[in-house]
Amino acid sequence: MKAQLVSVLAVVDAFSPRPTPGFLSVPPHFESHKHPFMLSNCSEIMNLTLSLKEPRSAKESEKVITDVTPLKCYNHCLPRKTLYFALRGETCVCFDAFEPGKPATCDVSCTGQSLARCGGAGDAQSIYLNSWWVEEPKQKNCGPPPAIANSLVMCANGGPDTGTRQCDVGCEHGYGLEYNSLLCDFMLGKWFGGAKCSPVKCLPLTNIPH
């Protein structure tokens with residue numbers, strides 16, 4: 001029997017209720033998953049349709065991703081907001097519908113995440129179902145940290161470009177570091193906390209007999 005084209009209705013029937021685009025609450029069947037997608041199945045798939053609204057081949061969405069992970073493929077497909085994405089080796093493809101082929105075994109680890117599956121022998125592809133779409137967070141640099149009185153050395157800046165989240169502080173001679181809680185928030189691009197260099201206090205001199 002000729003394989004039936006998987007449609008949106010089939011997906012809704014199988015996974016109802018399905019959240020609308022941009023819906024951030026976690027549906028009941030995704031409560032145990034930390035990502036907005038789940039591994040659906042593994043098979044040799046054919047006739048991938050990029051969009052049901054504007055049917056055309058999904059070939060144009062294909063991209064080879066170095067050190068690939070399912071999350072990287074998801075982020076690649078995010079602007080298209082497709083129902084599915086599939087991985088075969090380091091090749092990622094986005095699509096809304098497909099014609100199922102014969103079942104296969106996906107036992108190839110993703111190059112960027114060994115516990116995840118990225119297809120198998122031959123044309124086997126790991127098919128992932130998207131539940132909802134979450135924009136990839138943009139990390140920001142914090143720039144130079146606030147000046148600390150009586151400090152001698154400090155980090156130049158903080159942020160994802162340098163990988164500096166916590167700023168090391170060294171105090172001038174005669175001062176000691178009382179505390180340092182300076183932290184760069186990569187999401188807000190701001191420094192939080194502070195640091196303090198306090199004078200080193202010497203104990204009173206004791207009289208030495210003779």
Handout entry: Minimum heavy-atom distance between Ala124 and Ala104, given as atom pair plus value
Key = CB-CB, 3.6 Å

Problem - Gln113 vs Pro70 side-chain heavy atoms within contact, under 4.5 Å - result: yes

Handout entry: Euclidean distance, Ile127 CD1 relative to Glu44 CD, rounded to 0.5 Å
Key = 10.5 Å

Handout entry: Lys201: partners by side chain to side chain contact (heavy atoms under 4.5 Å, CB included), with sequence neighbours left out
Key = none

Handout entry: Spacing of CG belonging to Leu83 relative to CG belonging to Asp96, to within rounding of 0.5 Å
Key = 4.5 Å

Practice task
Check whether the SG atoms of Cys184 and Cys167 are less than 2.5 Å apart, and answer yes or no.
Solution key: no

Problem - Residues forming a side chain to side chain contact (heavy atoms under 4.5 Å, CB included) with Asn157, sequence neighbours excluded - result: Thr162

Exercise for the section: May I ask you to decide if Ser61's main-chain N or O and His76's side chain share a donor-acceptor pair within less than 3.5 Å? Expected result: yes

Practice task
Could you tell me which residues satisfy side chain to side chain contact (heavy atoms under 4.5 Å, CB included) with Val68, sequence neighbours excluded, listed by chain and number?
Solution key: Ile65, Leu87, Glu90, Cys110, Thr111, Cys118

Fill in the blank from the handout: Members sharing Met187's hydrophobic cluster, built from side-chain contacts under 4.5 Å between Ile, Leu, Val, Met, Phe, Trp and Tyr, are Phe186

Exercise for the section: Verify, without hydrogens or angle tests, whether Asn130 (side chain) and Thr82 (backbone) share a donor-acceptor contact under 3.5 angstrom. Expected result: yes

Practice task
Show the numbers, then the answer: is there a side chain to side chain contact (heavy atoms under 4.5 Å, CB included) between Leu50 and Phe95?
Solution key: CA-CA 4 Å; Leu50 178 62; Phe95 54 98; 5.6 Å; no

Handout entry: Which residues share a side chain to side chain contact (heavy atoms under 4.5 Å, CB included) with Asp168, sequence neighbours left out
Key = none

Fill in the blank from the handout: Residue set satisfying side-chain hydrogen bond (donor to acceptor under 3.5 Å, both in side chains) with Thr91, at least two apart, ordered chain then number -> none

Handout entry: Rounded distance [0.5 Å steps], CG in Leu71 versus CG in Leu78
Key = 10.0 Å

Fill in the blank from the handout: Heavy-atom closest pair (Asn75 atom, Pro79 atom, distance to 0.1 Å) is O-CD, 3.6 Å

Handout entry: Pairs satisfying side chain to side chain donor-acceptor pair (under 3.5 Å), at least one member in residues 176-186, at least two apart
Key = Glu178-Ser198

Handout entry: side-chain hydrogen bond (donor to acceptor under 3.5 Å, both in side chains) partners for Arg88, two or more places apart
Key = none

Exercise for the section: Return the set of residues passing ring-ring contact (aromatic ring centres under 6.0 Å, His included) with Tyr74 (not counting sequence neighbours), or none when no residue passes. Expected result: Phe37

Handout entry: Co-members of the apolar cluster containing Leu152 [side chain, <4.5 Å]
Key = Val153

Practice task
Report the hydrophobic cluster partners of Val169, with the cluster defined as I, L, V, M, F, W, Y residues connected by side-chain heavy atoms closer than 4.5 angstrom, directly or transitively.
Solution key: Ile148, Met154, Leu177, Leu182, Trp191

Practice task
Quick one: closest heavy-atom pair of Tyr175 and Cys197, and the distance?
Solution key: CD2-O, 3.7 Å

Practice task
Any chance you could measure Phe98, atom CZ, to Ile45, atom CD1, to the nearest 0.5 Å?
Solution key: 6.0 Å

Practice task
Decide whether Val108 and Leu39 are clustered together by the hydrophobic rule: side chain heavy atoms of Ile, Leu, Val, Met, Phe, Trp, Tyr closer than 4.5 Å, transitively.
Solution key: no

Practice task
Kindly write out the residues that satisfy side-chain hydrogen bond (donor to acceptor under 3.5 Å, both in side chains) with Asp67, not counting sequence neighbours, or none if the list is empty.
Solution key: none

Handout entry: Minimum heavy-atom distance Gln125-Val93, with the two atoms named
Key = OE1-CG1, 4.0 Å

Practice task
Kindly check if Cys73 and Cys92 bring their SG atoms closer than 2.5 angstrom.
Solution key: yes

Exercise for the section: Mind checking the OG1-CZ spacing from Thr105 to Arg117? Nearest 0.5 Å is all I need. Expected result: 11.5 Å

Handout entry: Gap between atom CG of Leu183 and atom NZ of Lys190 - 0.5 Å precision
Key = 14.5 Å

Exercise for the section: Kindly say whether Gly119 contributes a backbone atom to a donor-acceptor pair with the side chain of Ser126 at under 3.5 angstrom? Expected result: yes

Fill in the blank from the handout: Closest heavy-atom pair, Pro160 versus Gln139, reported as atoms and distance to 0.1 Å, is CB-OE1, 3.3 Å

